[in-house]
Amino acid sequence: MLEELKKRVYEANMELPKYALVTFTWGNASEIDREQGLFVIKPSGVPYEELTPEDMVVMNLKGEKVEGRYNPSSDTPTHCVLYNAFPEIGGVVHTHSPWATSWAQAGRDIPCYGTTHADYIYGAVPCVRVLTKEEMDEGYEVNTGNLIVEEFKERGLDVNAVPVVLCKNHGPFTWGKDAKEAVHNSVVLEVVAKMAARTEMINPEVMPTPGHLMDKHYFRKHGANAYYGQNNSGQEKI
């Protein structure tokens with residue numbers, strides 16, 4: 001079942017240690033087949049070097065395992081909540097990458113300090129509050145997802161423009177049109193988290209990027225009038 005999707009999810013998971021986003025088994029990637037209402041995710045606690053495409057676990061949007069010899073990632077309920085709440089997204093990644101997790105542990109949004117950040121993320125990277133004990137006891141992973149959804153709705157954030165989030169005292173989640181893009185956004189998040197931390201070390205009084213510069217860099221890559229990259233004729237958009 002979903003053999004091609006399993007292969008893509010396996011390959012996405014293999015990218016996480018490649019880009020130093022995970023240590024040991026501290027991360028997971030998933031991707032959804034919207035037509036079938038099923039998503040595929042990494043199994044829980046299996047070392048990356050031992051994984052195969054056949055080891056990926058198929059889940060439905062009720063959080064029930066449909067196929068797989070292993071238990072799914074312990075973060076599966078969070079992925080499930082995000083897929084149900086945000087129909088725009090097709091892939092989700094969770095890591096404990098060091099720089100992004102450092103901001104999460106500090107409980108801080110990551111301000112947009114430069115154009116590298118603005119090219120991919122419109123505005124600050126949000127950091128959601130820590131769950132209460134009652135919320136954890138009720139359902140830690142489910143309520144982690146609920147908290148992300150709640151935060152994005154309260155802030156009026158677009159999940160396409162802000163494909164990243166930090167969970168306080170925990171770590172980052174990212175998403176995209178598929179698992180590959182979600183991994184790409186995880187790499188971007190880790191880089192901008194490192195750059196932002198270093199920026200504050202160099203200049204503790206630094207201010208966020210001016211809005212007009214942030215807009216220029218974000219919208220030249222995204223939206224109807226984007227011109228970064230190559231057009232259909234193969235000519236560079238200058």
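All residue numbers refer to positions in the sequence shown, counting from 1.
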*Asks:* Are there over 12 heavy-atom neighbours, none belonging to Lys216, within less than 6.0 Å of that residue's NZ?
*Replies:*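 No, not enclosed.
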
*Asks:* Quick one: does Asp109's side chain have a donor or acceptor within less than 3.5 Å of a partner on Cys127's backbone?
*Replies:*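 Pair found, side chain donor or acceptor close to backbone of Cys127.
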
*Asks:* Can we say Lys7 and Glu11 salt-bridge, meaning some charged N sits less than 4.0 Å from an Asp/Glu carboxylate O?
*Replies:*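 Yes, Lys7 and Glu11 are salt-bridged.
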
*Asks:* Is there a side-chain hydrogen bond (donor to acceptor under 3.5 Å, both in side chains) between Tyr19 and Ser186 once you walk through the steps?
*Replies:* CA-CA 9 Å; Tyr19 288 107; Ser186 288; over 6 Å; no

*Asks:* Can Tyr122 and Asp215 be counted as having a side-chain donor-acceptor contact under 3.5 angstrom?
*Replies:*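 Side chains of Tyr122 and Asp215: pair found under 3.5 Å.
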
*Asks:* Is the shortest side-chain heavy-atom distance between Ile32 and Leu38 below 4.5 Å?
*Replies:*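 No - every pair of side-chain heavy atoms lies 4.5 Å or more apart.
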
*Asks:* Can you check whether His170 and His96 have ring centres sitting under 6.0 Å from each other?
*Replies:*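 Ring-ring flag for His170/His96: true, centres closer than 6.0 Å.
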
*Asks:* One pair to check against salt bridge (Lys or Arg N to Asp or Glu O under 4.0 Å): Arg108 and Glu200. What are the steps and the verdict?
*Replies:* CA-CA 13 Å; Arg108 285 188 58 190; Glu200 291 193 357; 2.8 Å; yes

*Asks:* So, do Pro98 and Glu190 sit near enough that their side-chain heavy atoms are less than 4.5 Å apart?
*Replies:*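 They are in contact (side-chain heavy atoms under 4.5 Å apart), so the answer is yes.
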
*Asks:* Keeping Arg34 on the side-chain end and Ile89 on the backbone end, is there a donor-acceptor pair under 3.5 Å?
*Replies:*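 The answer is yes, because a donor-acceptor pair under 3.5 Å joins these two groups.
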
*Asks:* Is it true that Tyr120 and His184 have ring centroids separated by less than 6.0 Å?
*Replies:*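 Yes: the rings meet the under 6.0 Å criterion.
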
*Asks:* Is a donor on one side and an acceptor on the other found under 3.5 Å between the side chain of Lys133 and the backbone of Met136?
*Replies:*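 Such a contact is absent between Lys133 side chain and Met136 backbone.
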
*Asks:* Checking His94 against His79 for the ring-ring contact (aromatic ring centres under 6.0 Å, His included) test, could you report, in this order, the C-alpha distance in whole Å, the side-chain angles of both residues, the deciding distance, and whether it holds?
*Replies:* CA-CA 9 Å; His94 171 56; His79 291 238; 7.6 Å; no

*Asks:* Looking at Asp178 and Arg8, is any side-chain nitrogen of the basic one under 4.0 Å from a carboxylate oxygen of the acidic one?
*Replies:*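 Looking at Asp178 together with Arg8, the answer is no, because their closest N to O distance does not fall below 4.0 Å.
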
*Asks:* Check step by step if side chain to side chain contact (heavy atoms under 4.5 Å, CB included) holds for Met56 and Leu51.
*Replies:* CA-CA 8 Å; Met56 301 299 106; Leu51 288 173; 4.0 Å; yes

*Asks:* Quick one, Trp175 with Phe39, criterion ring-ring contact (aromatic ring centres under 6.0 Å, His included). Give me CA distance, side-chain angles, the key distance, then yes/no.
*Replies:* CA-CA 14 Å; Trp175 45 82; Phe39 66 96; over 10 Å; no

*Asks:* Can you tell if the side chain of Met1 reaches within under 4.5 Å of the side chain of Val66, non-hydrogen atoms only?
*Replies:*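 Heavy-atom side-chain distance check passes, below 4.5 Å.
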
*Asks:* Could you check whether any side-chain heavy atom of Ser30 comes within less than 4.5 Å of a side-chain heavy atom of Val40, counting everything from C-beta outward?
*Replies:*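 A side-chain contact is absent here, since even the closest heavy-atom pair is not under 4.5 Å.
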
*Asks:* Charged N to carboxylate O below 4.0 Å: is that the case for Glu135 and Arg129?
*Replies:*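 A salt bridge is present here (some side-chain N lies under 4.0 Å from a carboxylate O).
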
*Asks:* Can you see whether Thr174 engages Asn185 through a side-chain donor-acceptor pair at a distance of less than 3.5 angstrom?
*Replies:*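 On atom types as modelled, these side chains do not qualify, holding no pair under 3.5 Å.
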
*Asks:* Within the structure provided, determine whether Val93 and Leu16 are in side-chain contact (heavy-atom separation under 4.5 Å).
*Replies:*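 Heavy-atom side-chain distance check passes, below 4.5 Å.
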
*Asks:* Please tell me whether Glu54 and Tyr10 have a donor and an acceptor in their side chains that are separated by less than 3.5 angstrom.
*Replies:*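 The answer is no; no qualifying pair exists.
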
*Asks:* Is there a donor in the side chain of Asp75 and an acceptor in the side chain of Thr78, or the other way round, less than 3.5 Å apart?
*Replies:*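 Note: Asp75 and Thr78 side chains miss the donor-acceptor criterion.
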
*Asks:* Identify whether the distance between the nearest side-chain nitrogen and carboxylate oxygen of Lys18 and Glu15 falls below 4.0 Å.
*Replies:*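 Salt bridge between Lys18 and Glu15, a charged N being under 4.0 Å from a carboxylate O: yes.
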
